[in-house]
Protein chains: 2
Amino acid sequence: MPRRFPRPSVTVDVVIFTLRDDDLQVLLVKRKSAPYAGRWAIPGGFVRIDEPLEEAARRELSEETGVRDVYMEQLYTFGDPKRDPRERVITVAYFALVPAPLAVRAGGDASDACWWSMYGLPPLAFDHADILDYALTRLRYKLEYTAVGFQLLPDTFTLSELQKAYEVVLGAALDKRNFRRKILEAQVIEETGEFRTGEGRPAMLYRYRSDAVAEVRARRLFP
Amino acid sequence: MPRRFPRPSVTVDVVIFTLRDDDLQVLLVKRKSAPYAGRWAIPGGFVRIDEPLEEAARRELSEETGVRDVYMEQLYTFGDPKRDPRERVITVAYFALVPAPLAVRAGGDASDACWWSMYGLPPLAFDHADILDYALTRLRYKLEYTAVGFQLLPDTFTLSELQKAYEVVLGAALDKRNFRRKILEAQVIEETGEFRTGEGRPAMLYRYRSDAVAEVRARRLFP
DNA sequence: TCAAAAGTGTTTGTGGTACACCCATGG
DNA sequence: CCATGGGTGTACCACAAACACTTTTGA
């Protein structure tokens, strides 16, 4: 294969979502060097020459958060020639969903990484604002027709916690009775038999049924 | 930016769909050289160093078919390190929908390009079978909740032609009365006042309303 | 006994699906 | 007048949405 074409650099960027403080948050790192020194950015890095794309994304995720085995999917590939002022960089963006209690390491290891609310983001480097916009749109969309929302919660959770997660991501209030009926009828969760105590009446703890069918037929425009 | 990382090649591949002979067809080209010499492949090529990804995809589309200004969207990025046996090649796949009467040039200019039924494909080069699988899944899925199907038809069409297009893509028969009611209620098409004559009773010609809202809310798993 | 959160059913409307016959034209 | 494709309506069922009070616990 002749080298008639100069090659771009290829990176992966990983939008890492979690729930913290009843809020949808995303992990950002502070850039140390030009361009955009001091600005916040989505964590990412170069794809190694023999590394699959998703493996590169999981490596970045693991480096930033210490977690593995969480939900991740490819989001979109951003390749505008001017998106990096230095040279051509094509980035394959992924998004990951990290359960709240695992989302601990950000900012812990003295790196400048911390969680930001999706509803109050700082100015971002490169085209990262576009990437986050698109990631939120995609997350909301997926929430509507797949059972991906459980990936933001710990292994066991109460129905109120699950509803709150949906409300925070969707940015809208949901009806408690309809929510409970629908999710129980969908048979995607099951009782653990345990209860969570705290203020007020104890709540049943549920777990996600991994054998559940995770996708629901879309309402079709045409019959 | 130090060159610590050897760079992969980046290509675009374009899955070009059209309707021909009441069939969903895709444009393939015959490879002239190794690897996979003689095998059929999705048209594609290298991304130029200062060329946006979608522009590269449209350039490939135009080179193969002569058409411009048709529906195209990014599909997925395939980057397995072994997908090209020579070296690391990451490909950003797109899919395009070409109206039937424009889909003429394949095979015309002595290049080995021709249309293949999606339901009877030959053995394909690289991971192109995976790419086509995914493209068909995505096309069917999009058809369910957006008005993208019109992109496969000429400017004016009869309701029977439209229904046939949906049936061919979805691989399923649809009820005539329900189809007509639903699509007319959706207000995405309007009468032209013209008729198409032929065998049997003449049929009203419709056109797509470009001001139509093209997306429909999905049936949500949760309320 | 009070505050706080958990839990529980019914009604009404809308949209999906199934289904069979008459109409207009050309040959 | 007949073959061919175009065009039309209704009944039933399932799901979505709106809506308010009782229960259980800890302080």
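Model, not experiment: these values are computed from the prediction. In the text below, chain A, chain B and the rest are named by the order of the sequence lines, each starting its count at 1.
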Output field: ring centroids A:Y36/A:F126 closer than 6.0 Å: yes
Are A:F157 and A:F150 near enough that their ring centres are under 6.0 Å apart?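 Centroid distance A:F157-A:F150: below 6.0 Å, so yes.
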Using whole Å, what does the distance between atom [atom2] of nucleotide [N] and atom [atom1] of [X] come to?
| X | N | atom1 | atom2 | result |
| --- | --- | --- | --- | --- |
| B:Y206 | D:dG6 | OH | C1' | 10 Å |
| B:R196 | C:dG26 | CZ | P | 15 Å |
| A:D175 | C:dT8 | CG | C1' | 12 Å |
| A:Q163 | C:dG7 | CD | C1' | 12 Å |
| B:E161 | D:dG7 | CD | C1' | 15 Å |
| A:R180 | D:dA18 | CZ | P | 18 Å |
| A:K164 | C:dA5 | NZ | C1' | 13 Å |
| A:R181 | C:dG9 | CZ | P | 10 Å |

Using side-chain heavy atoms (C-beta onward) and a distance below 4.5 Å, is A:P123 in contact with A:W40? no
Looking at B:R177, does any N or O in its side chain come under 4.0 Å of the phosphate oxygens OP1/OP2 on D:dG9?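 So the side chain of B:R177 is outside the cut-off, no N or O lying under 4.0 Å from OP1 or OP2 of D:dG9.
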Could you tell me whether the phosphate oxygens of D:dG5, OP1 or OP2, come under 4.0 Å of any side-chain nitrogen or oxygen in B:S160? no
Can you tell whether the side chains of B:R58 and B:E54 come within less than 4.0 Å, N to carboxylate O? yes
Pairing of B:E191 and B:R207 as salt bridge, 4.0 angstrom limit: no
Between the protein and nucleotides 11-13 of chain C, are there any N/O to N/O pairs under 3.5 Å, and if so, what are the atom names and distances?
none

Given [options], the nucleotide with the shortest approach to the side chain of [X]:
| X | options | answer |
| --- | --- | --- |
| A:M204 | D:dG9, C:dG7, D:dG7 | C:dG7 |
| A:K176 | C:dA6, D:dA18, D:dG9 | C:dA6 |
| B:K182 | C:dT17, D:dG7, C:dG16 | C:dG16 |
| B:N178 | C:dT8, C:dC19, D:dT8 | C:dC19 |

Between the side chain of B:R138 and the main-chain N/O of B:L75, is any donor-acceptor distance below 3.5 Å?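 Checking the backbone N and O of B:L75 against the side chain of B:R138, a donor-acceptor pair under 3.5 Å is found.
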Is a donor from one side chain sitting under 3.5 angstrom from an acceptor on the other, for A:T77 and B:T77? yes
Find every protein N or O atom lying less than 3.5 Å from an N or O atom of nucleotides 25-27 of chain D, and list the pairs.
none

What are the two closest heavy atoms between A:V169 and A:L136, and how far apart are they? O-CD1, 4.3 Å
How are the rings of A:Y71 and A:F95 set to each other: parallel, tilted or perpendicular (split at 30° and 60°)?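 Ring orientation of A:Y71 relative to A:F95: tilted.
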